[in-house]
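Numbering starts at 1 and runs along the sequence shown. Side-chain atoms are counted along with the backbone in the values below, which use heavy atoms only and exclude waters and symmetry mates. If you're wondering where the values come from, they're calculated on a predicted model, not measured in any experiment.
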Amino acid sequence: MFILKLAGKILLLPVWLILFVIGLAVKMTVQTYAVVRGILGFIFTLLIIATAYCYHDWVQVAFLFSLSVILYLTLFAGVFVDTVLDMTRERIIDFIIS
């Protein structure tokens, strides 16, 4: 039984390493996207205010608002994937250490 647990722990090391590399790539992508989302979110906010004030075209305001929501939802999905990968790596390393 001890040998099977040890073999399982040894076999989980490459899985943890692969998850670490994938998690690192996801974390860098999410951080880069967060910066881009911040810039685009600011531009969309200015466009929404300018369109509502100058043209009173609520269809374009709704379209720009929906683009802003899509930016936030995409960032939320990336952060969710990053968090799931981190939790999975922590559980694997806890199993390997125990």
Side-chain angles (χ1 to χ4, degrees):
M1 187 67 178
F2 174 74
I3 295 174
L4 290 176
K5 278 189 175 181
L6 185 63
K9 290 178 182 185
I10 291 173
L11 289 175
L12 278 177
L13 282 174
V15 173
W16 182 84
L17 186 61
I18 290 170
L19 283 177
F20 178 75
V21 172
I22 291 172
L24 193 62
V26 167
K27 193 173 294 288
M28 288 189 307
T29 304
V30 167
Q31 292 299 322
T32 304
Y33 181 77
V35 171
V36 171
R37 192 221 38 93
I39 295 168
L40 287 177
F42 179 70
I43 291 171
F44 284 157
T45 303
L46 290 178
L47 284 173
I48 287 170
I49 293 169
T51 302
Y53 180 72
C54 294
Y55 299 113
H56 301 287
D57 187 3
W58 302 110
V59 174
Q60 288 183 8
V61 169
F63 177 71
L64 290 169
F65 182 74
S66 66
L67 288 178
S68 296
V69 169
I70 289 171
L71 284 174
Y72 280 108
L73 290 177
T74 307
L75 181 64
F76 175 76
V79 170
F80 179 76
V81 169
D82 184 33
T83 303
V84 168
L85 283 173
D86 282 343
M87 289 173 49
T88 305
R89 277 189 324 189
E90 287 176 11
R91 287 187 180 182
I92 288 175
I93 201 67
D94 286 344
F95 179 75
I96 290 173
I97 291 175
S98 68

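Following chains of ILVMFWY side-chain contacts shorter than 4.5 Å, one cannot reach F42 starting from Y33, and the two form parts of different hydrophobic clusters. Connection of L11 to L6 is not established within any shared hydrophobic cluster, with ILVMFWY side chains joined at heavy-atom distances below 4.5 Å, either directly or through further cluster members. Residues V61 and Y55 fall into different hydrophobic clusters, defined by Ile, Leu, Val, Met, Phe, Trp and Tyr side chains chained together at heavy-atom separations under 4.5 Å. Linking ILVMFWY side-chain heavy atoms closer than 4.5 Å, directly or via other members, places W16 and I18 in a single hydrophobic cluster. F44 and F76 fall into different hydrophobic clusters, where Ile, Leu, Val, Met, Phe, Trp and Tyr side chains are chained together by heavy-atom contacts under 4.5 Å.
In terms of heavy atoms, G41 sits closest to L71 at N-CD1, 4.1 Å. Counting all heavy atoms, side chain and backbone alike, L19 lies closest to T88 at CD1-CG2, 3.7 Å. Heavy-atom minimum distance, T29 versus A25: OG1-O, 2.8 Å. Residues I48 and S68 approach most closely at CD1-OG, 4.2 Å, considering heavy atoms.
Here F80 sits in one hydrophobic cluster together with V84; the rule is ILVMFWY side chains under 4.5 Å apart, joined directly or through other members.
A salt bridge does not link D94 to R91: none of the charged nitrogens lies less than 4.0 Å from a carboxylate oxygen.
Here the straight-line distance linking atom CD1 of I93 with atom CZ of F20 works out to 10.5 Å at 0.5 Å rounding. Note that the OG1 atom of T45 and the CG atom of L40 stand 10.5 Å from one another [nearest 0.5 Å]. Separation of atoms CG (L64) and CG (L46) is listed at 11.0 Å; rounding is to 0.5 Å.
The environment of CZ in F65 is sparse: at most 12 heavy-atom neighbours from other residues, nucleotides or ligands sit within 6.0 Å. The neighbour count for F95 CZ, taken as heavy atoms of other residues, nucleotides or ligands under 6.0 Å away, is above 12.
Residues L85 and R89 fail the side-chain proximity criterion, which asks for heavy atoms closer than 4.5 Å.
Put simply, the residue from V81, I22, T32, D82 that forms a side chain to side chain contact (heavy atoms under 4.5 Å, CB included) with K27 is D82.
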